[in-house]
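Notes for the one structure printed next.
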Amino acid sequence: MLSIMPSSSAHGALRYFRENLAQADYYCEHTIIGKWHGKVAMALQLRGEINPRDFEALLFNVNPHTGDRLTARNSANRRAMYDFTFNAPKSVSLIYGITKDIDVLEAHQNAVAKAMAEVERHIQTQMGSGKGKHYVTTGNGIWAEFVHDTSRPLKQKTDSGKIYVPDVHLHSHCAMINATYSQEQDRYRAIELGNVKSAGPYYEALYHGYLAENLKSVGFGIERIGKRWEIAGISRELIEKFSGRTLQIEKVAKERGIKSAQAKARLGRLTRNDKNSSVADASLQNIWKARLSLSEYHAILHAKTNSKDGGDANSSGGTARELTAQKALDMSLAHFLERNSSISEKRLLAYAIDLASGLVAPEKIMEAFALRNDLIKAEYRTVSYVTTREMLRAEEQLIEKAVAGKATRPALNPEYQIQNELLNLGQKTAICHVLGSEDQIMIVSGDAGVGKSTLMSEVKRGVEQSGKKLFAFAPSSEASRGVLCQKGFEGAQTIAKLLQSPKLQEQLKDNVFLVDEAGLVGVPTMNKLFDIAKDQNARLILSGDYKQHSSVEAGDALKILETQSKLPVARVKEIVRQRRAEKHKEIIAQLAKGIGFKNKPDKRQKEVVKAYDQLDKNGNIIEVSEREKRQELIAQQYANALNEVSHDVLVIAPTHYEGKEITQSIRATLKEQGRIGEEDRTYTRLQNKQFTNAEKQLYQNYAKNDVVEFHQNIPGFKAGLRYVVQQIDEKGHVLVQSDLDKKPSPLPPDRENTFSVYEPEPIHIAENDKIRITKNTKSITGHELFNGQTYHIRGFDPEGNIKLSNNQVLAKDAMHYTHGFVSTSHQSQGQDAKTVLIAQSSDSLAASNDKQLYVSVSRAREQCKIFTDDKLALRQAIARSGDRMTAKEVADLSKQAPQRDQEIQKQAYLRRVRDFYDSRVKPSLEHLKSNYEQRRTEKEMGRRGFGLER
């Protein structure tokens, strides 16, 4: 694992150096001597072991040799360093801790060195400001490596009392000083690590990949365990004996529903104990050995073979399919491009390197990638992206199909007289556009809250007056059978239902169909909708906003159609949702405006941050650092909203794990107030693991007792039955079994698109609780219950089945539901409420961006509150763009690359000329001018008779 943490200030970094880096992770008498690395270290003649005075001087931006300031900027809140922490797999730490095998330590340090060399290669600095701001890759840096081999100590009871004993934990802290050398300006500048931090998984994968190769070369076997690997022969039970801190963090994470590695890393820092006096360093090995059985000790001593071939990377987990560098890249491409039109090069490589760790060396993956000529590669703002020609062709087909229907149909009802007098000019114009259009594909685009659904109700009347029918569809059950049905579109269905039902498609013959929330539709699905429109001679209306959340599927179809197809678009801009909250309405408008600056990222970021600051100024952002107090405050605000006569409240959390925490607090508060029953009943629910088809092919992603459900019947497997994972056999087959099967069967190869994988987990519910259906299902009497619909629990029948507020009964083993008090930002799109409460702590920063903020805050009609533990960190997170690169954008950038490279060289040359002029020529000219002016003054004064003395 790799974590990258910036220092808050030079004084904070100094304290961290003295108390953490230069000392073991438990209190002891000796210090840890770090070592210098990096090209800047060499330039500053800093080699070998670190002198603390040199390191501390650099933290305060001072050249340790000259005493001069190192970089120009020296503000009080300047970031002094960044701590890159590389953590070895537990089996590696365990073997080193018990044996002190120098080969293990060197394997670790070598892997860290190679990963950090790649980090150094991508170090940048910011040049210019305002419109001229840009980033230049310098490729040099300076860092100090401190190697630790223990974790924070944990309290342990003995016959003689309590002692504090650390676990084995081999890891390196690489403290990177905030300085890099600019060849262009011939001076040191502050580093810019935005791209490096974003590509953290890539450098983490490099470390693990190189470490596996190094250990194999000295005789250790490697076996796949989950995402990565451990040393062969070291059992999970043995690893857990020495994972006290990990188990402690995992326990808290499980209680809070946290699954993100990044969030767990933050949790580790929050839950760690202060340093305590530990047992003596010399006693640690004896204490560790005392935990081992004879067989476990034997396994550790003999984990290193004499063959030097490293054994089989799957020696105890079954042999996976043959994995080559190209195969790993193919699987990585399939994984990412299932849900994206393009992907950053480093994310692609990171996944491939992880897949092949222990089997294929990282450099082989990168060599194979460099040889691929079937990919389209391009760079945007110093980040490299890749896509495939197939993905590009899908986007081009989308545009071709849309354009082919231009001016090919008669207008639907151009003489229609609008009946709803409350509609504004923008809404009326959009109605006229649709009813008067002669195109097969019509687009109505509008910002959040402009009343698109309301104007579509009027379009429906106009279409029906012309003698045709209008059918409505949306991406989700909640948007179709919920929101659309409430807006007057009876019988609205999901897009998935339309694609699966030939009978429903036939009803569209010579009629009109509407796709609402079209911004959530991906390119493959939109192409299928266009084919249906063509086959049924039907007109298609797309209504949505590409500024909001994107499709889960690959490609942003609506954005492509609006920005690249040149189809006429009716744009509605006047916001009507916040008509009673003018200040909040202005903020929503500003967010929409900022996100609209698609090709001006700096301007976009500036506008979004400005809107955030206005939210803060208006009192909409509440900072409470203590987790429990913050959650209790949200729960109390929710309960208060329920007390209002017309209570209407929506709670949003960007991530499921923060949503679970808030749910617990809300339920506790409602229990105290007697709103829900005191007694909980425990059931089992299924949490979708959200695997891509590529991930379903990897046996290491499955765990015993996972549940597999098929969407369709295939030989040997029946749709609707639950198949439980029993084991992984020696060949890497995932064996599953239903209640009707006599013996387990392997999951079918190459049929990954026919099933989903779920993780069972307990759920506690009580009378009057609120639940949300998570997959289309049926009540005991056969009544349909749709994904996304929420119900209150009215009680339980004698068999334990669940009575719902719609008078239906949900079977006790239904499993596809969760608590319904909190929605994710994606789930909330299309909804609105009088009051919106947003839980957005540091746990959710990875899922935060400008689109997420826009969707979340625009749900509120009158009042919106954001609860966080760190306003500044949240401000930085929402400044990130939520846009995705399309395949066509990557292709266009690829074509422009030669001209762009020439322009970059030209601008660099001009900057060097300007710098030379400013530093050399201009001072000389000013000196000459000053001398000239002085002589002219003296001459004039002499002419007038003044005496001058020299």
Side-chain angles (χ1 to χ4, degrees), residues 1-7 16 20-21 25 34 37-38 79 81-93 96 104-105 107-123 141 143-149 151-152 169-177 191 193-215 225-230 243 245-246 249-250 253 258-269 272 332 344-358 361-363 365-366 842 845-846:
M1 181 179 164
L2 166 66
S3 67
I4 306 173
M5 292 298 298
S7 64
Y16 183 72
N20 294 271
L21 298 180
D25 285 302
H37 297 276
R79 284 182 173 169
M81 72 172 199
Y82 293 81
D83 180 17
F84 290 72
T85 307
F86 293 87
N87 301 277
K90 198 64 183 184
S91 58
V92 178
S93 296
Y96 179 68
V104 175
L105 180 61
H108 164 75
Q109 289 184 286
N110 175 268
V112 170
K114 288 185 175 180
M116 285 301 296
E118 188 70 359
V119 168
E120 181 179 39
R121 198 165 70 85
H122 295 108
I123 288 175
W143 65 93
E145 181 189 10
F146 300 86
V147 182
H148 295 200
D149 58 8
S151 67
R152 286 269 175 162
H169 180 204
L170 179 61
H171 60 288
S172 286
H173 294 273
C174 296
M176 179 168 285
I177 301 298
I191 59 178
L193 290 183
N195 287 351
V196 168
K197 291 177 71 177
S198 297
Y202 167 67
Y203 305 106
E204 182 179 348
L206 283 178
Y207 163 72
H208 285 277
Y210 284 123
L211 179 59
E213 289 300 306
N214 294 341
L215 291 170
I225 303 291
K227 181 184 177 183
R228 291 217 166 87
W229 54 268
E230 296 284 358
S243 303
R245 273 290 291 151
T246 301
I249 293 167
E250 288 292 342
I258 294 175
K259 295 184 179 180
S260 155
Q262 188 176 7
K264 286 179 182 178
R266 283 193 293 270
L267 193 60
R269 290 188 293 275
R272 68 188 181 189
S332 184
S344 75
E345 179 181 305
K346 287 186 175 59
R347 287 188 69 191
L348 176 73
L349 289 171
Y351 193 82
I353 291 169
D354 272 337
L355 284 178
S357 284
E363 60 264 25
I365 300 287
M366 290 185 277
S842 297
L845 294 185

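Worth knowing before you read on, the calculation uses all heavy atoms, side chains too, and leaves out hydrogens, waters and symmetry mates. In this text, all values refer to a predicted model and were calculated from it rather than measured experimentally.
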| query | Which pair of heavy atoms, one from A212 and one from S357, lies closest together, and at what distance? | reply | CB-C, 4.4 Å
| request: Could you tell me the separation between the CG atom of L2 and the CZ atom of F84, rounded to the nearest 0.5 Å? | output: 7.0 Å
| query | Can you find a heavy atom in the side chain of L211 that is under 4.5 Å from one in the side chain of P89? | reply | yes
| query | How many angstroms lie between NE2 in H171 and CZ in F146, if you round to the nearest 0.5 Å? | reply | 12.0 Å
| So with a 6.0 Å cut-off around CZ of R228, is the heavy-atom count from everything else above 12? | yes
| message | Contact between L206 and K346 at the side-chain level, heavy atoms closer than 4.5 Å - yes or no? | response | no
| note | Heavy-atom closest pair (G200 atom, I4 atom, distance to 0.1 Å) is CA-CD1, 4.4 Å
| field | Steps toward side chain to side chain contact (heavy atoms under 4.5 Å, CB included) verdict (E213, E363) | value | CA-CA 11 Å; E213 289 300 306; E363 60 264 25; 5.9 Å; no
| Which atom of S7 lies closest to which atom of R79, heavy atoms considered | O-CG, 3.3 Å
| Test side chain to side chain contact (heavy atoms under 4.5 Å, CB included) applied to Y207 and N87, V112, I353, the passing residue | V112
| task | Ignoring hydrogens and angles, tell me if any N or O in the side chain of H208 forms a donor-acceptor pair with the backbone of M1 under 3.5 Å. | result | yes
| Closest heavy-atom pair and its distance - V147, S172 | CG2-OG, 3.6 Å
| field | Atom pair CH2 (W229) and CG (D354), whose distance is rounded to the nearest 0.5 Å | value | 11.0 Å
| query | Any side-chain heavy-atom pair from P362 and I365 closer than 4.5 angstrom? | reply | no
| said: Distance alone, cut at 3.5 Å: any donor-acceptor contact between the side chains of D83 and Y16? | reply: yes
| request: Look up atom OG1 in T85 and atom CD in E204, then write down how far apart they are to the nearest 0.5 Å. | output: 11.5 Å
| said: Out of the candidates K114, H122, E118, only one should pair with Y203 under the side chain to side chain donor-acceptor pair (under 3.5 Å) rule; please name it. | reply: H122
| message | Could you check whether any side-chain heavy atom of I191 comes within less than 4.5 Å of a side-chain heavy atom of Y82, counting everything from C-beta outward? | response | yes
| query | Do you know the tightest heavy-atom contact between A205 and A350? | reply | CB-O, 3.5 Å
| remark: For A107 and N214 the tightest heavy-atom approach is O-ND2, 3.0 Å
| request: Measure the CD-SG distance between E120 and C174 for me, rounded to the nearest 0.5 Å. | output: 11.5 Å
| message | To the closest 0.5 Å, what do you measure between CE (M176) and CE (M116)? | response | 3.5 Å
